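Report on one structure; see the data block that follows.
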Amino acid sequence: MGDERTWGCLTIRGQLEMLPKPRMGWAGEFMAFQPFGYPFDISSPLSPADLRKSIRSRSRDWFDMKDGARGWVVGPVVCLWFSAFDRHGPMLLGWISRNTWGTRIAGRAGSDLNGLLLLAALTPFTVFCLFMLASSGGSRSLERAVFAGGIYALICGIVLWAKHAFRREAEPLVRFLGDAATKTSPSRQAPPTAEASFSGWVLTVSGEDHTGDVTPDTIREALLGIGPDGFAVLASAPEIYLQTAWQDGGFIIEKRDGDEAVISAQRGRDDRSSSRTGHV
């Protein structure tokens with residue numbers, strides 16, 4: 001059982017490490033104000049046509065109740081979002097083009113890009129209305145226009161700051177796009193032992209148990225579907241499990257190996273071992 005738990009932990013860690021990571025400069029990550037999302041740039045050995053097919057085949061249906069990447073690809077434009085119900089959730093907009101090595105996908109990913117685009121479209125109309133109000137005559141009209149403009153500017157500032165602060169919520173979409181752009185699944189490049197199923201293990205993704213065999217491929221798909229509020233648990237017993245959750249664009253992992261009595265006994269053995277080592 002100990003070997004199986006170690007294997008399970010290494011499998012989750014391995015799948016996390018193999019998930020594609022977008023390229024982003026140091027300045028883009030820590031210095032730039034990015035309310036309209038952060039830029040990403042992904043290279044793929046696939047042709048543009050094959051890449052479009054890969055994205056369509058891997059993405060969920062628009063109205064699938066489970067979280068995960070879904071969207072549309074029309075010509076060179078790709079648009080992905082994460083939830084069927086959250087209209088203000090993370091979104092990705094990208095442009096597919098050819099390059100020397102195959103295909104390049106570049107674009108931006110962030111929080112509620114569609115809402116920001118609507119706000120940007122409404123701003124000129126709002127400015128025009130305020131100008132008409134101010135020029136209608138009288139100091140009262142000017143004061144009202146200035147007051148309304150200040151309120152609108154404050155709201156825009158708060159919205160832009162919030163979208164900048166939560167832009168990393170779109171990281172699962174970029175990770176999915178990078179995985180779909182990979183010609184060969186990394187899990188198939190793993191050692192032969194990694195292809196076996198976890199017999200007797202239960203994989204739970206965001207509160208729902210996975211049906212069917214648990215394999216490195218199903219674990220990988222589960223990790224790709226984890227968003228800001230998602231988590232995955234791989235358990236062989238109620239008190240023996242590994243779990244991971246999304247955090248700040250990455251993942252955190254927790255391992256539990258037995259109930260409180262077993263953990264306390266293990267800690268006692270570790271303390272005695274450390275004590276003996278200290279007296280040598």
Side-chain angles (χ1 to χ4, degrees), residues 16-44 55 58-60 62 64 66-73 76-97 104-124 126 152-182 206 222-232 244-253:
L16 289 175
E17 291 173 356
M18 287 190 294
L19 291 179
K21 301 174 179 61
R23 293 186 298 172
M24 186 187 307
W26 183 86
E29 175 68 14
F30 296 103
M31 296 178 63
F33 182 61
Q34 299 172 330
F36 286 89
Y38 63 90
F40 66 88
D41 193 335
I42 299 172
S43 295
S44 171
I55 295 172
R58 296 285 302 279
S59 59
R60 294 185 180 276
W62 284 15
D64 191 331
K66 295 182 180 179
D67 288 342
R70 69 203 68 209
W72 49 264
V73 183
V77 181
V78 55
C79 177
L80 299 175
W81 57 93
F82 199 72
S83 172
F85 306 104
D86 186 4
R87 296 182 179 180
H88 304 286
M91 179 172 281
L92 175 150
L93 292 172
W95 184 270
I96 301 174
S97 61
R104 177 191 179 208
I105 318 172
R108 303 190 78 86
S111 174
D112 191 22
L113 293 186
N114 53 342
L116 285 173
L117 291 176
L118 178 61
L119 179 66
L122 289 177
T123 297
T126 304
Y152 185 76
L154 177 62
I155 293 175
C156 288
I158 293 174
V159 170
L160 293 176
W161 177 86
K163 301 312 176 186
H164 166 77
F166 296 105
R167 68 194 185 283
R168 298 292 292 179
E169 289 184 351
E171 181 71 17
L173 296 174
V174 180
R175 190 178 296 114
F176 165 84
L177 193 60
D179 193 70
T182 304
S206 299
L223 295 174
L224 286 172
I226 294 178
D229 299 320
F231 61 91
T244 184
W246 186 92
Q247 185 180 60
D248 298 330
F251 292 92
I252 55 173
I253 299 178

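Remember, predicted model here, so these are calculated numbers, not experimental data.
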Under the criterion side-chain contact (heavy atoms from CB on, under 4.5 Å), I'd like the reasoning laid out for Tyr38 against Glu171: C-alpha separation, chi angles, the key distance, then a yes or no. CA-CA 10 Å; Tyr38 63 90; Glu171 181 71 17; 2.7 Å; yes
Are more than 12 heavy atoms, taken from residues, nucleotides or ligands other than Tyr152, located less than 6.0 Å from that residue's OH atom? yes
Considering residues at least two apart in sequence or located in another chain, which fulfil the side chain to side chain contact (heavy atoms under 4.5 Å, CB included) criterion with Trp161? Ala165
In this structure, OG1 of Thr182 is separated from CD1 of Ile42 (nearest 0.5 Å) by 8.5 Å
Just how far is it from atom CD1 of Ile226 to atom CG of Asp67, taken to the nearest 0.5 Å? 10.5 Å
Looking only at non-hydrogen atoms, find the nearest pair between Trp62 and Ala84 and report the distance. O-CB, 3.3 Å
Applying side chain to side chain donor-acceptor pair (under 3.5 Å), can you list everything that pairs with Thr126, at least two apart in sequence or on another chain? none
For Arg60, all residues meeting side chain to side chain contact (heavy atoms under 4.5 Å, CB included), sequence neighbours excluded: Asp64, Lys66, Arg70
Once rounded to the nearest 0.5 Å, what's the spacing between atom CG of Leu177 and atom CD1 of Ile105? 4.0 Å
Without placing hydrogens or testing angles, list every side-chain donor-acceptor pair under 3.5 Å for residues 114-121, not counting sequence neighbours.
residue, atom, partner, partner atom, Å
Asn114, ND2, Arg87, O, 3.1

Side chain to side chain contact (heavy atoms under 4.5 Å, CB included) partners for Pro90, two or more places apart: Phe82, Glu169, Ala170, Leu173
Decide side-chain contact (heavy atoms from CB on, under 4.5 Å) for Leu160 and Phe33; before the verdict, give the C-alpha distance in whole Å, the side-chain angles of both, and the deciding distance to 0.1 Å. CA-CA 9 Å; Leu160 293 176; Phe33 182 61; 4.1 Å; yes
By salt bridge (Lys or Arg N to Asp or Glu O under 4.0 Å) - contacts of Arg108 (at least two apart): none
Could you tell me the separation between the CZ atom of Arg167 and the OG atom of Ser111, rounded to the nearest 0.5 Å? 11.0 Å
Provide the closest heavy-atom pair for Trp95 versus Val78 in the form atom of the first, atom of the second, distance. N-CG1, 4.5 Å
Yes or no on side-chain contact (heavy atoms from CB on, under 4.5 Å) for Leu113 and Trp81, after CA distance, side-chain angles and deciding distance? CA-CA 10 Å; Leu113 293 186; Trp81 57 93; over 6 Å; no
Considering all heavy atoms of both residues, which atom of Ala180 and which atom of Ile55 are nearest to each other, and what is their separation? CB-CG1, 4.2 Å
Between Val159 and Asp112, is the side-chain contact (heavy atoms from CB on, under 4.5 Å) condition met? List the steps. CA-CA 10 Å; Val159 170; Asp112 191 22; over 6 Å; no
